[in-house]
Number of protein chains: 4
Amino acid sequence: MSSRTTARRHRRAPSAPKTLDVPRKLPRQERAQATVEAILRATAHILRTKGWDECNTNAVAKRAGVSIGSLYQYFPSKEALIAALAERHAQEGLKILVESVAAARAREVPLSFEATVFHYISAMVTLHSHDPELHRVLVEQVPRLPGGQEVIRRTSSHAASLVRAWLDTQREHLRIVDLDVATYMLVTAVEAIQHLQVVHRPEQLSREVLVTELTHLVLGYLGVTRAGR
Amino acid sequence: MSSRTTARRHRRAPSAPKTLDVPRKLPRQERAQATVEAILRATAHILRTKGWDECNTNAVAKRAGVSIGSLYQYFPSKEALIAALAERHAQEGLKILVESVAAARAREVPLSFEATVFHYISAMVTLHSHDPELHRVLVEQVPRLPGGQEVIRRTSSHAASLVRAWLDTQREHLRIVDLDVATYMLVTAVEAIQHLQVVHRPEQLSREVLVTELTHLVLGYLGVTRAGR
Amino acid sequence: MSSRTTARRHRRAPSAPKTLDVPRKLPRQERAQATVEAILRATAHILRTKGWDECNTNAVAKRAGVSIGSLYQYFPSKEALIAALAERHAQEGLKILVESVAAARAREVPLSFEATVFHYISAMVTLHSHDPELHRVLVEQVPRLPGGQEVIRRTSSHAASLVRAWLDTQREHLRIVDLDVATYMLVTAVEAIQHLQVVHRPEQLSREVLVTELTHLVLGYLGVTRAGR
Amino acid sequence: MSSRTTARRHRRAPSAPKTLDVPRKLPRQERAQATVEAILRATAHILRTKGWDECNTNAVAKRAGVSIGSLYQYFPSKEALIAALAERHAQEGLKILVESVAAARAREVPLSFEATVFHYISAMVTLHSHDPELHRVLVEQVPRLPGGQEVIRRTSSHAASLVRAWLDTQREHLRIVDLDVATYMLVTAVEAIQHLQVVHRPEQLSREVLVTELTHLVLGYLGVTRAGR
DNA sequence: TATGAATGAGGGTTCATTCAT
DNA sequence: CATGAATGAACCCTCATTCAT
């Protein structure tokens, strides 16, 4: 009574293999840009405040102040809409990281190894304290979207490459480890702790304590000797 | 298999208190027990193989080989059904942990601190390698269920109390830390890394490496001196 | 996609034309009598307190403390169950009326015409103030049952015949009217006012005022001269 | 006529405030107006011919020639749909009454008291002979709808106020009575007799006889002296 | 006979998506 | 291009009724 295929079906007759990236139509005019912007904002708002289940395209269009027809003019499906939002969210996050790295490099007096870790961890925590509800919803639900895994993978590997590159320059301070594994462990641990942080919402852990402890975690894992504490 | 007189049905009723706890009716006969079992198994199967979105009550009933009516005889709502499965899954997990702790304590020659950590981490990894797909779906979606947070909180605090109690006996080996915070960090880190492990499915990380690295992570965080490595 | 016949279908293959009167099986033993009694009581209770829509056979059986199977042993269908209750309710009502008539006739000093009307109206009001909720539900819903009209018709004509017979003996006090029409008007008016009384539940109309006004209504309609009022 | 991508639907949502008042969306285009009209007409038709139990939203949509989705675009629930129909039916009825009152007042030679009563009763009977089946169903079932009592109360009090106002101007012709009580008795009696008229469908009572007898009933109750008959 | 587990047609409602205007 | 009315497959859940034990 139902097709048991892998759960995704096409919308149009025999055409496009449905990727989630590009909007159906590149908005060239300002008006269109504003519309797209309004739709994405509305989507974010609803995901944030009402959650995944309440986030339907009609509600998004209404909140965005555009017609449902216009929404579909710019996003070929609900999934594409959310994927676009996820993409943008990921880019914003990456930007914070990249800027943090740039800031560290730009210092006249270079930071110590420990201070650098602290610096990066701070950036990560800042990153996640920005719109945590939206972040939570996206992290939980995007993997299920067709192509969602891809968005995540792309983002993580970008972040990982930054970390990996930096670790490479710091080999001398580390106990000998496989840098790829170490990178994976660090990126995952920091990311995941923050994720659960948002899910569980434990009030008892202040930002300061969190940053400190994550720094310990990372330094301890990398085998840096911590003198006098 | 039937054709019955029907007259009026289905009024909306004042929409019962909707809690997720008790099954609507306790199965007293063997047959009923088997039905409940079949339903839970079917739910797990579908969540595992088709995912959350495809897991609807009709599909569950069909796969369980029972009528939709039977499903609702034992579970007052779809949410209650999934919550029951989550509860059971959580209990199974806790059991593995508790047994692991008991095994460690029962040894004639006590394990070293490091070996104990290794022992526990192994148990955790074992735990998560059992039905990882189901675990992933539940971890991601149960929080959204009404009362889902509660199930999670109960389970986590049980697990945390085990860890916390053990840490308490090992104070001498640790750098001085707030044990509550340390417990949170450890439980979260280990849990979360495994979670992402399942989400990302990175094939490159073998079970052995994972256990080793997690042990490093934990020992490093706790500040244990690792001699000769 | 659906059969547009007159809304009733049979339960069994090509058998019984479904009348609502007799229980499937005449209860000869005490135990059976008690069961039937419990079921009817439970039905009445649920209709009274939860209303028509909440009154389903499973709930009735549970409240009656018998299995659903037993319910169907004594009542071939939900409709038959309710019809039986309606029948019993009607009989109880008729009994009150009949007793009221007997009481009036048994008096040594006969009541005046006016007093007799007052006497009967009082009986009617008493009748309706007994279990008004159940009465309301039955009056509203029974007509829709197959055969429900019949129950009502039978009861009404019985009541009407009592009124009609009495009017016949009182011809001299009445303006000349068609006694059949008059009977219909009176029975209907008194019945209906009480019905709406229960539906609207206007608190402002006390039993005394109601009896008085209904008496006026009847006397006025029958054309009895009311001296000095 | 379509086959669309579907993914996840239908979560239970916190089950909105459920009031019966406003249509979910005001139809702004002509087409929408026509749709609403068709839906209401279809509802009336089905209630009239098939009765309350057969009146389900799918049947209504089908008969209206619109999709079930369209129905829910304009009526948030089945109950709201029926309430809307009831409201409209009530308004139509009130309109007839108001016009009848206006017609009586507009006469150059005012009607006598008796003639006025006759005039009004005629209007009432006319009112009820218009779509009596629909009227019956609504009167019986609307009270059970959430908010249904309110619709009824509003309508009745409007009608009552018309009667009450008129009685007030005719005090001299009446035996002294509490006008509020009298109003209630009259409105109820007339309404209720007609109601039972529809329920019982006694063929023997022609419209003329009914009007005459109701007039007697009212005049008798109000204590008007009827000379020469 | 009594029990209660099982059945499944039926019905209310949602929401992604289309398309005529 | 924008609009928003319309669509309908899909889904959750109820309850009258049956039948194996």
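Note on naming: letters A, B, ... go to the chains in the order of the sequence lines (proteins, then strands), and numbering restarts at 1 for each one.
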B:Tyr72 side chain near F:dT14 phosphate (N/O to OP1/OP2, under 4.0 Å): no
d(CZ, D:Phe75; P, F:dA5) in whole Å: 14 Å
Please set out all donor-acceptor pairs under 3.5 angstrom arising from side-chain atoms of residues 39-47 of chain D, sequence neighbours excluded.
residue, atom, partner, partner atom, Å
D:Thr43, OG1, D:Ile39, O, 2.7
D:His45, NE2, D:Arg63, NH1, 3.4

Between A:Gln141 and B:Glu140: side-chain donor-acceptor atoms closer than 3.5 Å: no
Below 4.0 Å: OP1/OP2 of E:dT7 and any side-chain N or O of B:Ser70: yes
Phosphate OP1/OP2 of F:dA2: any A:Gln73 side-chain N/O under 4.0 Å: yes
Value in whole Å for how far the C1' atom of E:dG11 lies from NZ of D:Lys50: 16 Å
Results of side chain to side chain contact (heavy atoms under 4.5 Å, CB included) for A:Glu87 - residues two or more places apart only: A:Gln91, A:Val151, A:Arg154
Atom-pair distance (CD1 on C:Ile39; P on E:dA2), nearest Å: 9 Å
Note, A:Phe75 side chain near A:Val36 side chain (heavy atom, < 4.5 Å): yes
First of A:Leu71 and B:Gly69 reached from the 5' end of DNA chain F, by closest nucleotide: A:Leu71
Which residues share a side chain to side chain donor-acceptor pair (under 3.5 Å) with D:Arg88, sequence neighbours left out: D:Glu37
Length of the line joining C:Ile82:CD1 and F:dC15:P, which is rounded to integer Å: 13 Å
Range-with-range stems of DNA chain F (Watson-Crick or G-U pairs under 3.5 Å, three or more in a row): E:2-21 with F:2-21
Separation of B:Trp52 CH2 from B:Leu138 CG (nearest 0.5 Å): 7.5 Å
Selected nucleotide, minimal atom distance to D:Ile68 side chain, candidates F:dA6, E:dT13, E:dA9: E:dT13
Sugar-phosphate, base or nothing in reach of D:Thr35, heavy atoms under 4.0 Å: sugar-phosphate
Interatomic distance, B:Trp52 CH2 vs F:dC12 C1' [rounded to whole Å]: 14 Å
Side-chain N,O (A:Ser77) to OP1/OP2 (E:dA16) below 4.0 Å: no
Side-chain donor/acceptor contact of B:Asn58 with base of F:dA10 under 3.5 Å: no
Atom pair distance, as rounded to whole Å: OH in A:Tyr74 and C1' in F:dT3: 13 Å
Test item: D:Leu71 and D:Asn58 side chains (from C-beta on) under 4.5 Å apart, heavy atoms: no
Nearest-nucleotide 5' precedence on DNA chain E, A:Cys55 against C:Arg31: C:Arg31
N or O in side chain of C:Ser67 less than 4.0 angstrom from E:dT3 OP1/OP2: yes
Position toward the 5' end of DNA chain F (nearest nucleotide), A:Gly65 or B:Asn56: A:Gly65
Under 4.0 angstrom between C:Thr57 side-chain N/O and F:dA16 OP1 or OP2: yes
Whole-Å distance separating the CZ atom of A:Arg63 from the P atom of E:dC15: 18 Å
Nucleotide E:dC15, atom P - distance to CD1 of A:Ile46 in whole Å: 11 Å
Test side chain to side chain donor-acceptor pair (under 3.5 Å) applied to A:Ser70 - qualifying residues, sequence neighbours left out: A:Ser67
